[in-house]
Structures are given as structure tokens and as C-alpha cells.
Amino acid sequence: MPVTLYNTMERKLEEFIPIEDRQVRLYCCGPTVYNYAHVGNLRTYVFEDILRRTLEYYGYSVRHVMNVTDVGHLVGDGDDGEDKMEKTSKETGKSVYEIADFYADAFFADTADLNILTPTVACRATEHIDDMIALVKRLEERGHTYTAGGNVYFSIDTFPAYGRLARLDLEELRSGARIEVDSNKRNPKDFVLWFTRSKFGNQSMTWDSPWGVGYPGWHLECSAMSMRYLGEQFDIHCGGTDHIPVHHTNEIAQSEAATGKSPWVKYWMHAEFLLDESGKMSKSKGEFLTLSLLKKKGYDPMDFRYFCLGGHYRSQLQFSYRSLDAARTARLNMSSRVQELLAAGAEPVEVVALSDRAVELRADFIEQIGHDLNMPRALSTLWAILKDTVLSPSEKITLLYDIDKVLGLRIDKIPSLTDEELDEECASLIREREEARRAKNYSRADELRDILKTLGIEIKDTPSGTKWKKIL
RNA sequence: GGCGCCGUACCCAAGUGGUAAGGGAGAGGUCUGCAAAACCUUCAUGCACCGGUUCGAAUCCGGUCGGCGCCUCCA
């Protein structure tokens, strides 16, 4: 069965066929490490993780490359504005390299918490300046650049396909540009490849280049590094929807202009935004929603992952604590059912030995994830497995562990009841409570149940005797 | 202004022209000393509204109303 993915370039669902037979080359736009990632940023990385896991589940080998932007990207619009790294540096008194390391570590701690697989290659922009310079040279040799006011620009008029990804109307853009036009530009949509002159000066990260000491333009790193690690043409390029009109549009222009090959990327995939109460999520207004904040409020990172899986990646999703609570409750209910399966002696078996019903459920799951990563449907299959009345506990566990290779909810980390050593204090309290019940001293029994609850043990009196479980 | 999206139950949210997934919350029941859990039952004859196409429309087309995003640092 083929994987179907939505390609932004064509604006439709397409059957995924990699350039190389079973090898997928995937590039994902990574973080700019000048501050913590908010949960909206993280939603996109969860999506990319699901994409990668789905492809791997379907048997592809995935080479996954992600950049870490530790230079460039400016605060203001246009090609001026203050560098974000420099700004944080000024505010904290730390060097830009210290800041980059600190926030890169924080980012990877968050993604690890969310069970997001580490990219095959995570590459730093500052370690690939030579590749970027080489790319600008290629563009220069092919006549796609000009120098003005000390900066090297890409001339979009030398690239007729400019703006196809975003369906830009170039004539409209020319007349209707809202941003202040840089008078050095021949076309308002031209963009800087190499800066030697910044309005803000005092750039602490600069490199020598054929055009003078300076630093690279913002889009260059993704073109240079993706081509270095994945070749001049590759399969999938991902990012947030906000990257369509400028960042990815410019990446395509400079990459295809440099190599003369098209398409540079076969499938473009974009994650929609996670919104907060005020609309677009921001780092500067309202509550700065980080994963650490959610953890501080008592949520497990898997609660947020489950929440993300509840909506489709191409739909905007509204963040609220109410929704996150619903996700947490659902996940805990799932965990509780898994515990009961384990307590019933469930053990994973070979997938090939499954019953017809199990095979059917697994086929549903495979179809759903292969249909443009329909995780909400995949979760409904998860529940169908949990609630099925025909499957044996072992078959259920087998299926759950199997589908969790894609969902990434750490189902295999849910402890079984019998795995837990009940400490002597709790065991004796349980014995005491059973005696109290036999003596019909129910007030004492209820008191002991409350005590056990504070110790993290939940009591259930069943027809076959008193059972306990650890509160998750 | 340009590009695009959305409107489905109390909340979140899938939905590929053919009986409206799932979760959360709620209600009733079985069980129980009481709980909890589990299980059973229940929870949109209808998908913002109005037309149209079709044997058949949440789905396709046109319109109306409402909401949102991007284009401008952010995924």
C-alpha cells in the first residue's frame, strides 16, 4: 500500500514515490536558538517525527537532516532589523555562541521529552559558512546575483519560476509591496545572500568572504546544508506554513538557480499552527507556553504529544488547558487499560501470528497513517484495539507496541502491575484493610484506602479479591 | 490588498460522493458495605445558512453570514 502525502507545491494529495527506491531523504527546517521553543514550535517537530516514523513503519530508510540556526535571522522585516542572536546576547551579557549552545541544548531536551527521534544529522549554520559561500559563488557564476550597497542580492527576475510554491503573483507583489523597499534592490522581492553591511553594525559573528567580511542571508543555510547532506535533489522538505511565502520560496529559487536542476525538492510538507487564546502563538506576548511550563504544571510531555495527535497536522489547532486535560485523561485511561492487559499476563507475540481480527485492525492503522498521516484516525484505532472483545490480551499488547512505533506515546514504558515491587508498608496496609473489611469495620477500611491513595496506590475490591495499582 | 484555511454534539476533533470515527465531559444501569475500575445502555435523522448538481452531498459547485492564519521575528 502506498503512502499518500499532501504536497504543498501541487496543493494536493500525491502518492509518495522516493527518488531512490527504499531510501528517503528528508530535510526539516530546525530551530533558531536564541530563545526557548514554545509548544507551537514543538507541534511542528512532532508532525515531522510522525512523518519520519510513518515512513520507517512502511519500510523506508529515512535520512533525516535538520538545521540548527545559530546565526542570522533578523528581528525586523525586510533585510534590515536587528539580529535576534545579538539581541539576546546584549540582553543577557552572554556571547552569541554561549546562547546558541544553551538554547540548542534546551531544544533537544524538549524533543527528547516528547519522544521525537533525533535527526540523522543535526547541523549548525555556523559550521557550514563555507558551503554557503560556495553556493553564492555558484549563483554569481550563473548570473543570478548583483552587489549593491555592500550586500550581495539574489535577483528573482533571473529565475522565472519564482514564487510557484506560494502561488505568488509577481506583478501584484511589485506594485503592492507593503514593506519599505530597500532602494538597493532591483526587485522588491530580491533577497540578500551575503551581508557586509548591517544597519546595526557590531555583528560579533562575521566571516571572510569574496565579497568582504560579513555574514550570510537567512535562507542560505537551508539550501547549503540540505544539499550537502542530501544531494542536489531530494525527497521531502518540511517546515511550518509560515515558511511557504518567503523562506521556502527563496530557498527554492537559490537552490534551483545554483544547480540548474528542478525540482530541487519533490514533496513540500507544511504543518499548520498551534494557536493560543489570542490567536497566533508568540514568544513575546501573553503566557510563553513552553514544555517546561507544562511540566511545571504537572503535565507529562506525552500528554502534549497525545494532544497534538488528536488533530491533523494541516489543521490549525487551538491550545487550551481544557483540551490538554482531556488529552491527559484519555492517555491515563489508555495507560490504565494497558496495565490491566499486562496484569492479565499479556505478552507480545510475533506480528505474523496474529488473528484475522488483529490483522484487520492493523491494516486499518496502516491505511490511516498512510493517508497523509491521519493521526486522529490512528488514535481511534488505538481505542478500537483497547476495547475489542475478541482479541486476546497478548494480541492487544502486540498491536499496541507495534502501532506505538509510529505514535511514539511510550506505550512500552507503561509498567505492569506485577513488575512493581509493592513496598512492605503498603503491603501491610492492604492486609490490615482486608482484615478490617472482614470485621466489617468499614470506616477503618476507608481510612486505610485514603492513606494508600496518598502513597500512590489505588485499591479496587473485585469479586476475586482486593486488587491494587499504582496511580499513574 | 494578495494567498489560504475553517464553521460537525456540552468541549476537543476525524470524515476518501454511499449507514456521521475517536477522546473528554454528562446521564442511566450491572457490580459493590461504600468507592474505584470494568462492562452495558444513552449522548448530531443531522454537519453555519440559502440555492444548485446527483439515484445519493458534511463531502462537489455558486452565494450569504461568521471565525482564523500567513504575507511582517516566530513552526
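Chain letters run A, B, ... following the sequence lines, proteins first, then strands; residues in each count from 1.
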Q. Which residue, A:Tyr6 or A:Arg449, contacts RNA chain B at a nucleotide closer to its 5' end, judged by nearest heavy atom?
A. A:Tyr6

Q: Would you mind telling me which residue lines up with the more 5' stretch of RNA chain B, A:Arg337 or A:Ser443, judged by nearest nucleotide?
A: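 Here A:Ser443 is the residue nearer the 5' end.
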
Q: Enumerate the residues from residues 401-410 of chain A whose closest heavy atom to RNA chain B is under 4.0 Å, giving them by residue number; use none for an empty result.
A: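 None - not one residue of the stretch has a heavy atom sitting under 4.0 Å from the strand.
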
Please report, rounded to the nearest Å, how far the [atom2] atom of [N] is from the [atom1] atom of [X].
| X | N | atom1 | atom2 | result |
| --- | --- | --- | --- | --- |
| A:His270 | B:C3 | NE2 | P | 18 Å |
| A:Asp242 | B:A75 | CG | C1' | 5 Å |
| A:Lys453 | B:C34 | NZ | P | 18 Å |
| A:Met66 | B:A75 | CE | P | 11 Å |
| A:Leu289 | B:C74 | CG | P | 19 Å |
| A:Trp218 | B:A75 | CH2 | P | 13 Å |
| A:Lys12 | B:C60 | NZ | C1' | 17 Å |
| A:Ile244 | B:G2 | CD1 | P | 19 Å |

Counting heavy atoms from C-beta on, name the nucleotide in [options] closest to the side chain of [X].
| X | options | result |
| --- | --- | --- |
| A:Phe273 | B:U16, B:A75, B:C34 | B:A75 |
| A:Asn41 | B:C74, B:A37, B:C3 | B:C74 |
| A:Arg11 | B:A38, B:A75, B:G4 | B:G4 |
| A:Ser380 | B:A75, B:A21, B:C3 | B:A21 |
| A:Pro245 | B:G23, B:C70, B:A25 | B:C70 |
| A:Thr32 | B:G33, B:G4, B:A75 | B:A75 |
| A:Leu275 | B:G33, B:C68, B:C74 | B:C68 |
| A:Glu367 | B:U16, B:G33, B:A75 | B:U16 |

Q: Would you please indicate if the ring centroids of A:His38 and A:Phe319 are separated by under 6.0 Å?
A: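 No, the ring of A:His38 stays outside the 6.0 Å limit from the ring of A:Phe319, centre to centre.
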
(Q) For the aromatic rings, using the six-membered ring if either is Trp, is the centroid distance between A:Tyr153 and A:Phe191 under 6.0 Å? (A)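 They do not qualify: ring centres at least 6.0 Å apart.
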
**Q.** Phosphate contact (B:G23 OP1 or OP2) by A:Lys387 side-chain N/O below 4.0 Å
**A.** yes

Q: Ignoring backbone atoms, test whether A:Asn333 places a side-chain nitrogen or oxygen under 4.0 Å from the OP1 or OP2 oxygen of B:G23.
A: no

(Q) Is there a side-chain contact between A:Lys387 and A:Arg337 in this structure, where contact means two heavy atoms from C-beta onward sitting under 4.5 Å apart? (A) yes

Q.
Do A:Leu429 and A:Leu455 have side chains that approach each other closer than 4.5 Å (heavy atoms only, starting at C-beta)?
A.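 Yes, close enough: below the 4.5 Å cut-off.
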
Are [X] and [Y] ion-paired here, with the side-chain N under 4.0 Å from a carboxylate O?
| X | Y | answer |
| --- | --- | --- |
| A:Arg322 | A:Asp325 | no |
| A:Glu435 | A:Arg438 | no |
| A:Arg377 | A:Glu367 | no |
| A:Arg357 | A:Glu360 | yes |
| A:Glu221 | A:Arg124 | no |

If you look at every strand shown and take non-hydrogen atoms under 4.0 Å, does [X] touch a base, only sugar-phosphate, or nothing?
| X | answer |
| --- | --- |
| A:Ala166 | sugar-phosphate |
| A:His243 | sugar-phosphate |
| A:Arg164 | nothing |

Q | Given A:Phe108, A:Phe304, A:Phe107, A:Tyr313, the one that forms ring-ring contact (aromatic ring centres under 6.0 Å, His included) with A:Tyr45 | A | A:Phe107

Q | Derivation and outcome, salt bridge (charged side-chain N to carboxylate O under 4.0 Å, His left out), residues A:Lys453 and A:Asp450 | A | CA-CA 5 Å; A:Lys453 196 172 180 182; A:Asp450 290 342; over 6 Å; no

Sub-3.5 Å pairs of nitrogen or oxygen atoms, protein against nucleotides 57-59 of chain B:
none

Q: Starting at the 5' end of nucleotides 6-14 of chain B, put B wherever the base has a protein heavy atom under 4.0 Å, S where only the sugar-phosphate does, and a dash everywhere else.
A: -----SSSB

Q. Taking the C1' atom of each, how far is B:G52 from B:U59, in whole Å?
A. 15 Å

Q) What integer number of Å spans the P atoms of B:C47 and B:A20? A) 12 Å

Q.
In terms of relative ring orientation, are A:Tyr321 and A:Tyr299 parallel, tilted or perpendicular, with 30° and 60° separating the classes?
A. parallel

Q. Under the 3.5 angstrom rule, does the side chain of A:Arg25 hit a backbone N or O of A:Asp235 as a donor-acceptor pair?
A.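 Pair absent, no side-chain N/O of A:Arg25 close to backbone of A:Asp235.
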
Q. Given the rule in the ring pair (Phe, Tyr, Trp, His ring centres under 6.0 Å) test, do A:Tyr215 and A:Trp194 qualify, once you have shown the distances and angles that lead to the verdict?
A. CA-CA 6 Å; A:Tyr215 56 97; A:Trp194 189 266; 7.5 Å; no

